[in-house]
Amino acid sequence: MVCKLFFNRSIISTLLAAALIAPCLAFSAAPPDPNAPPALAGEKSIAAKSTFDTNVLAPKSIKNQTPAKQTPTTISVQQVPPPLNSGETPPGATTIAPLDSKPVLKIEPETLDLGEMMVDTAKSGKVKLINISDKPVMVTKAVTSCGCTTAGAPKDPIPVGGFAEVEITLKPGPKPGVPLSKRVTFQIDGHTPMMVTVQGTVPAFITMTPDMLEAPAEGQTSEGQIVFKSLDGMPFKITSAVPPIVPDLSPDAKAEHSVHVDWKAWDETGRTIKLTFSTDHPKVPSLSALIRRPPTAGTAGQPQAPGANPTDRSASALVTAARAGDVEKVKKELEAKIDVNAPESAGGRSALHWAAKENKVEVIPILLAAKADVNNRDRAGKTPLCVASENRDPKGVESMKLLIDAKSDVNSLDRLGGTPLLWAAGLGTPEAVGLLIASGSKVDIQDKNGLTPLLWAAGTGDPRSVQILIDNKANLDVADNLTGDTAVMRAARNGKYESLVILIKAGSKLDVKNRQGMTPWLVASMSGTVEKMKALKESNVDIQARDNRGWNAMDYAKNRADQNRADVIKYLETDLSMKPAGSLPSPLAPTTPTAPPMTPPTAAPSATP
């Protein structure tokens with residue numbers, strides 16, 4: 001009897017264990033949740049293998065063994081078990097149907113090879129999405145692996161036995177000699193995604209050595225030499241350098257060029273990190289070198305003698321308390337008689353800098369009463385007022401008012417020649433712009449790049465800031481020192497649509513050209529939206545304008561690789577019946593901007609960083 005009872009209990013225990021384990025087994029057998037996060041590095045997902053189309057990704061050696069007549073491959077996966085709790089879904093809960101892993105599309109070609117390409121020049125090709133299932137297929141989205149690739153998705157379902165053509169555009173970067181391989185993933189309603197590889201090559205017809213320059217530190221010198229060599233033996237000219245910091249460009253066509261960077265000119269034009277050369281070689285329209293800026297005095301990596309670091313424990317605590325707006329902690333730290341202007345180690349900012357940046361209006365008067373320097377500078381040469389002017393919060397003007405009342409210099413220059421108004425126009429609020437102008441800020445100040453507050457506002461700022469600056473007689477047609485862009489060009493390129501309209505209505509010149517011979521219309525076709533192009537066209541711009549190499553708006557539109565590319569091309573083709581004017585790129589010969597840059601106002605010696 002005891003044995004029988006023990007045997008029955010064993011059976012019951014076994015059945016209970018099986019019931020408890022069943023949900024775990026069911027969970028492990030289920031296909032992956034399409035909304036689940038990707039596996040971490042090193043993890044393997046067996047179920048994930050079923051999401052790829054073997055016809056697309058199989059090596060050629062395997063594909064060649066496939067019989068000529070082939071039916072779509074069915075990838076088997078374990079079925080999702082029934083829910084443990086049957087019945088209706090409780091209120092608030094959701095259910096996600098598993099994706100069908102059976103291939104429903106065939107992509108031709110399996111790899112889109114765009115062949116030989118050129119730097120910074122887009123090239124397009126087409127693939128066919130063929131429906132090999134017994135039902136219409138809806139492609140919901142095309143996702144590219146990087147921003148240099150664009151692809152669309154069919155708007156309508158693909159019928160049984162039918163196909164849809166999708167154009168894919170790939171735009172190489174500025175570096176030649178690099179093989180390109182990108183992916184486009186087509187998301188399909190109810191089915192696992194499918195991928196196609198897009199590839200191309202960018203041969204190096206000209207080498208540039210080095211392609212990374214080290215700028216000399218203050219007090220040091222550097223030759224700044226760059227050597228160009230033609231690998232195919234074809235003589236070529238270097239027609240321009242942007243920014244114009246290379247004085248020894250030869251007008252002659254040669255198979256090898258040696259040029260030098262003028263580091264003084266580099267410093268005066270804003271210490272850019274990119275130097276672009278244009279050539280007349282038919283397959284190398286441009287080459288770009290990067291410039292690494294030297295560390296400034298006191299930055300990390302420069303050893304200091306023990307005890308020489310001005311940021312001691314007490315100063316760090318004061319900075320932290322001011323940044324957090326902890327009034328009692330600030331008072332306590334100041335009672336220790338520490339240096340109220342001692343900077344932090346990272347950016348060289350004082351407690352007043354951080355209180356101004358974070359708009360801690362209850363802390364600022366305490367620091368000022370402790371003799372905090374209202375014109376103290378961080379490592380970028382910015383004062384607390386300059387830092388406060390970059391605040392996107394309209395309430396940031398409260399801190400600015402306190403600093404201005406404490407005699408902060410509203411026209412102080414940082415290391416780039418920028419002022420509080422310049423940064424407020426590009427990064428801050430209209431309220432900050434208005435306050436600074438009312439307090440005596442110079443409206444047409446230019447930094448080392450030739451940028452004015454209006455140029456900054458037009459490109460990255462608030463349209464209301466644009467209007468305030470125009471109302472205060474800002475120069476509409478001043479151009480920067482780098483590309484020769486005016487405010488209306490910067491608005492057409494990447495500014496707000498409203499800013500562009502304001503500048504047009506204010507009377508900005510629309511026939512002006514930058515160093516590449518581009519008008520605002522061409523700039524919009526290269527980087528803007530259809531809405532911006534329509535605004536310019538309604539203002540009677542020359543829609544047939546061409547740049548220095550003969551490109552028109554359609555050439556620029558087809559050379560795009562962004563989400564607005566298709567819409568801009570459609571607008572030019574359908575509404576304006578425009579066709580490309582050029583074929584292969586030719587060199588960009590620089591011209592003097594038709595709107596010459598203003599001479600920056602002379603700053604007081606005491607304000608020069």
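No side-chain heavy atom of Asn481 sits less than 4.5 Å from a side-chain heavy atom of Asn449. By the 4.5 Å heavy-atom criterion applied to side chains, Ile445 and Thr419 are counted as neighbours. Side-chain atoms of Val478 and Thr486, non-hydrogen and from C-beta on, never get closer than 4.5 Å to each other.
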Start with the C-alpha gap between Arg493 and Thr483, add the side-chain angles, then the distance that decides, and say whether side-chain hydrogen bond (donor to acceptor under 3.5 Å, both in side chains) holds. CA-CA 12 Å; Arg493 189 187 301 278; Thr483 59; 4.9 Å; no
Yes or no on side-chain hydrogen bond (donor to acceptor under 3.5 Å, both in side chains) for Asn359 and Ser399, after CA distance, side-chain angles and deciding distance? CA-CA 5 Å; Asn359 195 34; Ser399 294; 2.4 Å; yes
Would Trp423 and Asp414 count as a side-chain hydrogen bond (donor to acceptor under 3.5 Å, both in side chains) here? Give the steps. CA-CA 11 Å; Trp423 296 116; Asp414 59 31; 2.7 Å; yes
Check against salt bridge (Lys or Arg N to Asp or Glu O under 4.0 Å), Asp575 and Lys537: CA-CA 11 Å; Asp575 292 22; Lys537 182 180 180 298; over 6 Å; no
Test side chain to side chain contact (heavy atoms under 4.5 Å, CB included) on Lys128 and Ile107; report intermediate values, then the result. CA-CA 6 Å; Lys128 282 186 177 181; Ile107 303 179; over 6 Å; no
Chi angles and distances behind the salt bridge (Lys or Arg N to Asp or Glu O under 4.0 Å) call for Asp562, Arg560: CA-CA 6 Å; Asp562 62 4; Arg560 295 175 69 147; 2.7 Å; yes
Set out, in order, the CA-CA distance, both residues' side-chain angles and the distance that settles salt bridge (Lys or Arg N to Asp or Glu O under 4.0 Å) for Lys382 and Asp378, then state yes or no. CA-CA 5 Å; Lys382 294 184 177 182; Asp378 63 14; over 6 Å; no
Quick one, Phe163 with Leu129, criterion side chain to side chain contact (heavy atoms under 4.5 Å, CB included). Give me CA distance, side-chain angles, the key distance, then yes/no. CA-CA 5 Å; Phe163 68 89; Leu129 307 182; 6.0 Å; no
Evaluation steps, side-chain hydrogen bond (donor to acceptor under 3.5 Å, both in side chains), between Thr276 and Ser288: CA-CA 4 Å; Thr276 301; Ser288 295; 3.3 Å; yes
Under the criterion side chain to side chain contact (heavy atoms under 4.5 Å, CB included), I'd like the reasoning laid out for Leu231 against Phe205: C-alpha separation, chi angles, the key distance, then a yes or no. CA-CA 5 Å; Leu231 298 184; Phe205 293 97; 5.7 Å; no
Apply side chain to side chain contact (heavy atoms under 4.5 Å, CB included) to the pair Ile168 and Val127, showing each step before the final yes or no. CA-CA 8 Å; Ile168 301 175; Val127 296; 4.1 Å; yes
Stepwise, does the salt bridge (Lys or Arg N to Asp or Glu O under 4.0 Å) test hold for Asp393 with Lys395? CA-CA 5 Å; Asp393 185 353; Lys395 294 182 179 179; 6.0 Å; no
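Using cut-offs of 30° and 60° for the angle between ring planes, the His257 and Phe236 rings count as tilted.
The distance from atom CG of Leu275 to atom CE of Met212, rounded to the nearest 0.5 Å, is 12.5 Å. Between Ile206 atom CD1 and Asp232 atom CG the span is 7.5 Å, to the nearest 0.5 Å. One finds the CG atom of Leu469 at 4.5 Å from the CD1 atom of Ile437 (value rounded to the nearest 0.5 Å). With rounding to the nearest 0.5 angstrom, the CG atom of Leu451 is 7.0 Å from the CG atom of Leu422. For the atom pair CD of Glu108 and NZ of Lys126, the computed distance is 15.5 Å after rounding to the nearest 0.5 Å. Atom-to-atom distance recorded for Lys513:NZ and Arg546:CZ is 11.0 Å, nearest 0.5 angstrom.
The closest donor-acceptor contact from the side chain of Ser539 to the backbone of Ala535 lies under 3.5 Å. Side-chain atoms of Asn552 come within 3.5 Å of backbone N or O of Lys579 as a donor-acceptor pair. Side-chain N or O atoms of Ser508 include one that pairs as donor or acceptor with a backbone N or O of Leu503 at under 3.5 Å. No donor-acceptor pair under 3.5 Å is formed between the side chain of Asp485 and the backbone N or O of Met489. Judged purely by atom type and a 3.5 angstrom limit, Asp280 uses its side chain to pair as donor or acceptor with the backbone of Lys237. Ser439 contributes a side-chain N or O that, together with a main-chain N or O of Leu435, makes up a donor-acceptor pair within less than 3.5 Å. In terms of modelled atom types and a separation under 3.5 Å, the side chain of Arg415 and the main chain of Ala380 share no donor-acceptor contact. Without hydrogens or angle criteria, Ser278 side chain to Ser240 main chain gives no donor-acceptor distance under 3.5 Å. Not one N or O on the side chain of Lys171 forms a donor-acceptor pair closer than 3.5 Å with the backbone of Val119. For Thr574 (side chain) and Lys570 (main-chain N/O), a donor-acceptor pair under 3.5 Å exists by modelled atom type.
One finds no salt bridge joining Glu431 and Lys401 here, because no Lys/Arg side-chain nitrogen approaches an Asp/Glu carboxylate oxygen to under 4.0 Å. In this structure, Asp462 pairs ionically with Arg464, as a charged nitrogen and a carboxylate oxygen lie closer than 4.0 Å. Under a 4.0 Å N-O distance rule, the pair Glu390/Lys357 does not qualify as a salt bridge.
Considering Leu170, Leu114, Thr201 in turn, Leu170 is the only one that fulfils the side chain to side chain contact (heavy atoms under 4.5 Å, CB included) rule with Leu180.
Residue Arg565 comes nearest to Glu167 through the heavy atom pair NH1-OE1, 3.2 Å, listed as atom of the first residue, atom of the second, then distance. Between Ser525 and Val568, the shortest heavy-atom contact is O-CG1, 4.1 Å. What you find for Asp555 and Pro580 is that their closest heavy atoms are OD1-CB, 3.2 Å. Across all their heavy atoms, Val433 and Ser465 have their closest contact at CG2-OG, 3.7 Å. Nearest approach of Pro243 to Thr272, heavy atoms of both residues: CG-CG2, 3.4 Å. Taking every heavy atom of both residues into account, Met400 and Ala388 meet most closely at CG-CB, 3.8 Å.
Heavy-atom neighbours of Ile273 CD1 from other residues, nucleotides or ligands within 6.0 Å: at or below the threshold of 12. In this structure, Arg292 places its CZ atom where only 12 or fewer heavy-atom neighbours from other residues, nucleotides or ligands lie under 6.0 Å away. Counting non-hydrogen atoms of neighbouring residues, nucleotides and ligands closer than 6.0 angstrom, the CZ atom of Arg293 exceeds 12 such neighbours.
Taking the six-membered ring wherever Trp is involved, the centroid distance between the rings of Phe277 and Phe228 falls below 6.0 Å.
Legend: salt bridge (Lys or Arg N to Asp or Glu O under 4.0 Å) pairs involving residues 190-211, not counting sequence neighbours, sorted by first then second residue: Lys175-Asp211.
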